[in-house]
Amino acid sequence: CCQYYSEVTISQARSLGAGTPGIVQGVVTSPNFSTDYVEHTIQDATAGVVMFGFNLTGLTLNVGDELRIKGVTDEYNGKYEVVVDAIEDVEDLGQAQVPNPQNISVIELFNNGENYESELITIDNVELVSGSWPSEGNSENIIITDDGVSTITMRIDSDTDIDGTVEPNWPLSVTGVGGQYDYTEPFDEYYQLLPRFTTDFQGEYGIPVAYAVAY
């Protein structure tokens, strides 16, 4: 009749497999990637995971909020989640230090994406290979490279403040969270980079490209 919860690190939670109840603590690293539900990435010193909730109306979170959440593990198209049932299962512990992004390459994300799923990462020297910059209210999957050979998908979600902005000047550094959208087992492909804000696009001298002058 009852679920028994134990507190684990996010890395441990990821290793438990789907359908396991547990408590994890981590810092919010993304805006809400869903319009209808709650979908934030959280990260501790060991790993990252998606916190997902269907019925969390009224819960507003910001990047840097430290949370202690109670939920059940799940996997959605390869993306590992802790699914929270009720707003009472989310304890906001206040503001904390946001983890520094790990600097990796496109091929590293392609080959070892599970190591970076729902964690903050930065890829330098990003160039656009194909795809269109999203107009206001639209999401887009854009193919990017950093070496002219290896490619990965950069998903720009319409729930961010990026869609509808001026396309930046390439190449540049892009920060975001590692994502995945894989329909078939063993869920070890189709990793993505999900930028969160316009300020995740950094051009020369660290100036956001949206505000940089094109020469």
Side-chain angles (χ1 to χ4, degrees), residues 26-43 48-54 56-67 76-77 79 81 90 92 94-104 106 109 116-144 146 152-181 191-214:
V27 179
V28 176
T29 56
S30 80
N32 187 4
F33 282 123
S34 175
T35 302
D36 301 318
Y37 312 115
V38 170
E39 184 180 349
H40 292 268
T41 51
I42 65 170
Q43 187 174 335
V49 73
V50 172
M51 183 195 81
F52 184 86
F54 287 105
L56 303 182
T57 304
L59 180 65
T60 301
L61 299 173
N62 298 301
V63 170
D65 288 345
E66 185 165 13
L67 307 179
Y76 177 74
N77 290 335
K79 185 171 56 180
E81 303 177 333
V90 179
D92 192 337
Q95 281 283 299
Q97 182 69 38
V98 177
N100 290 322
Q102 300 172 79
N103 203 285
I104 66 169
V106 163
L109 182 58
Y116 305 106
E117 192 185 286
S118 298
E119 296 183 26
L120 281 175
I121 54 177
T122 297
I123 300 177
D124 295 327
N125 199 39
V126 170
E127 301 239 32
L128 185 95
V129 174
S130 64
S132 300
W133 194 253
S135 56
E136 180 70 33
N138 291 300
S139 301
E140 291 287 349
N141 291 336
I142 295 171
I143 306 302
I144 58 170
D146 61 351
I152 204 83
T153 296
M154 176 175 70
R155 177 167 178 80
I156 299 180
D157 194 287
S158 61
D159 292 301
T160 67
D161 68 351
I162 304 168
D163 53 292
T165 61
V166 177
E167 180 176 347
N169 303 306
W170 313 97
L172 52 107
S173 297
V174 183
T175 297
V177 291
Q180 187 181 18
Y181 210 80
Y191 294 100
Q192 302 177 332
L193 171 65
L194 284 80
R196 309 156 302 156
F197 309 104
T198 55
T199 49
D200 281 337
F201 296 84
Q202 295 284 324
E204 194 172 5
Y205 308 119
I207 299 172
V209 174
Y211 305 107
V213 177

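Please read all numbers here as calculations on a predicted model, not as lab measurements.
Residues that satisfy the ring pair (Phe, Tyr, Trp, His ring centres under 6.0 Å) test with Phe197, not counting sequence neighbours, are absent from this structure. The side chain to side chain donor-acceptor pair (under 3.5 Å) test applied to Asn138 returns Ser135, not counting sequence neighbours. Every residue two or more places apart in sequence or in another chain was checked for a ring pair (Phe, Tyr, Trp, His ring centres under 6.0 Å) with Phe33, and none qualifies. Scored by the side chain to side chain donor-acceptor pair (under 3.5 Å) test, Glu66 finds Gln25 as partners (sequence neighbours excluded). Under the side-chain contact (heavy atoms from CB on, under 4.5 Å) criterion, Ser118 pairs with Thr41, Val50, not counting sequence neighbours. Among residues two or more places apart in sequence or in another chain, the side chain to side chain donor-acceptor pair (under 3.5 Å) test is passed with Thr35 by Asp159. Considering only residues two or more places apart in sequence or on other chains, Ser34 meets the side chain to side chain donor-acceptor pair (under 3.5 Å) condition with none of them. Under the salt bridge (Lys or Arg N to Asp or Glu O under 4.0 Å) criterion, Glu119 pairs with no residue at all, not counting sequence neighbours. Residues passing the side-chain contact (heavy atoms from CB on, under 4.5 Å) test with Ser158, sequence neighbours excluded: Ser139, Asp163.
Across Gln95 and Val63, no two heavy atoms sit closer than the pair NE2-O, 3.8 Å.
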- Would Ile143 and Ile152 count as a side chain to side chain contact (heavy atoms under 4.5 Å, CB included) if you check the C-alpha gap in whole Å, the side-chain angles of each, and the deciding distance to 0.1 Å? CA-CA 6 Å; Ile143 306 302; Ile152 204 83; over 6 Å; no
- From CA spacing to verdict: side chain to side chain contact (heavy atoms under 4.5 Å, CB included), Thr165, Trp133: CA-CA 9 Å; Thr165 61; Trp133 194 253; 3.5 Å; yes
- Message: Apply side chain to side chain contact (heavy atoms under 4.5 Å, CB included) to residues Met51 and Leu61 and explain how you reach the verdict.
- Response: CA-CA 11 Å; Met51 183 195 81; Leu61 299 173; 3.7 Å; yes
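Atom CD1 of Ile121 is separated from atom CG of Leu109 by 4.5 Å, given to the nearest 0.5 angstrom. Atom CG of Asp161 and atom CD1 of Ile156 lie 10.5 Å apart (nearest 0.5 Å). The line from CD of Gln102 to CG of Leu120 is 9.0 Å long, rounded to the nearest 0.5 Å.
Of the candidates Leu67, Asp92, Val98, Val28 forms a side-chain contact (heavy atoms from CB on, under 4.5 Å) with just one, namely Leu67. None of Gln192, His40, Arg196 except one satisfies the side-chain contact (heavy atoms from CB on, under 4.5 Å) rule with Val177; the exception is Arg196.
Inter-residue side-chain proximity for Pro195 and Ile162 is flagged as met; some heavy-atom pair is nearer than 4.5 Å. Counting heavy atoms from C-beta outward, Glu117 and Tyr191 have side chains that approach closer than 4.5 Å. Residues Val27 and Gln43 are not in side-chain contact: their nearest non-hydrogen atoms beyond the backbone lie 4.5 Å or more apart.
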Compile the donor-acceptor pairs under 3.5 Å between side chains in residues 123-132 and protein atoms, sequence neighbours left out, one pair per line.
from: Asp124; atom 1: OD1; to: Ser173; atom 2: OG; distance (Å): 2.7
from: Asp124; atom 1: OD2; to: Asn103; atom 2: ND2; distance (Å): 3.2
from: Asn125; atom 1: ND2; to: Asp146; atom 2: O; distance (Å): 3.2

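In summary, the side chains of Glu39 and Asn32 do not present any donor paired with an acceptor at a separation below 3.5 Å, with no hydrogens or angles considered.
Note: Tyr37 and Phe52 have tilted aromatic rings, judged against thresholds of 30 and 60 degrees for the angle between ring planes.
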